[in-house]
2 protein chains.
Amino acid sequence: MPRTPDYVRVVDGVTGLIKAGELKGGDRLPTYAELAKQYEVSVTTVQTALRILSERGLIEGQQGKGVFVCDDKRG
Amino acid sequence: MPRTPDYVRVVDGVTGLIKAGELKGGDRLPTYAELAKQYEVSVTTVQTALRILSERGLIEGQQGKGVFVCDDKRG
DNA sequence: CCACATTTGTCCGTATGTATC
DNA sequence: AGATACATACGGACAAATGTG
């Protein structure tokens with residue numbers, strides 16, 4: 001049984017918060033540094049995870065401001 | 001006018017080959033190292049690009065073997 | 001089975017750029 | 001000007017899977 005990669009843990013964790021409604025459209029995520037600390041991974045790994053979530057349309061990064069949950073388009 | 005990031009050039013380049021039919025379902029892509037050389041970027045940047053294409057369902061990596069174009073599901 | 005080379009996968013640290021506050 | 005925060009890019013180190021001999 002292969003172990004779950006760290007970046008998948010982050011992807012799943014953040015996705016779970018969104019799906020559970022603990023993070024709603026427009027909400028700001030913790031910063032890279034905070035997420036890295038929470039999951040005990042490097043900032044690089046956090047970025048990998050967030051890039052995937054961004055590609056999936058769940059979140060959107062805004063330079064200088066933060067990373068935000070996208071509005072649920074229910075599509 | 002912001003300049004196009006390197007990884008986007010790779011994403012667009014490979015996507016173009018697939019869309020144009022020069023790379024068909026089941027075909028193997030060049031290795032990381034070869035793509036890095038072709039686009040004059042680092043292997044890390046190639047990996048970033050291929051991760052995106054994988055997330056989009058265009059390609060699929062197989063450890064020890066290579067990266068392959070997914071069968072077009074026409075969906 | 002073992003050794004080796006090849007290739008993709010994961011993870012880290014760092015540097016620099018860009019945008020916002 | 002400075003602090004904060006995301007974005008891009010690189011190099012290195014290992015791990016894991018595959019194929020060959």
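In what follows, every chain begins at residue 1, and chains take the letters A, B, ... in the order their sequences are listed.
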Spacing of L23(A) atom CG and I18(A) atom CD1 [to the nearest 0.5 Å]: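 Answer rounded to 0.5 Å: 6.0 Å.
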Per-nucleotide protein contact string for nucleotides 5-11 of chain D, where B marks a base within reach and S marks sugar-phosphate only (heavy atoms under 4.0 Å, - for neither): BBBBSBB
Check against salt bridge (charged side-chain N to carboxylate O under 4.0 Å, His left out), D6(A) and R9(A): CA-CA 5 Å; D6(A) 290 343; R9(A) 285 195 299 109; 3.2 Å; yes
Connected hydrophobic set around F68(B), excluding itself, where side chains approach under 4.5 Å: none
Linked, directly or transitively: I52(A) and I52(B) (ILVMFWY side chains, under 4.5 Å): no
Polar side chain donor-acceptor pair, T48(A) to T45(A), under 3.5 angstrom: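 Distance-only check fails for T48(A) and T45(A).
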Side-chain donor or acceptor of E34(B) paired with backbone N/O of T31(B) under 3.5 Å: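 Checking the backbone N and O of T31(B) against the side chain of E34(B), a donor-acceptor pair under 3.5 Å is found.
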Where chain A begins and ends its contact with DNA chain C, read 5' to 3' at 4.0 Å from heavy atoms: dT10(C) to dC21(C)
R51(B) to Y7(B) six-membered ring, cation-pi geometry met (6.0 Å, 45°): no
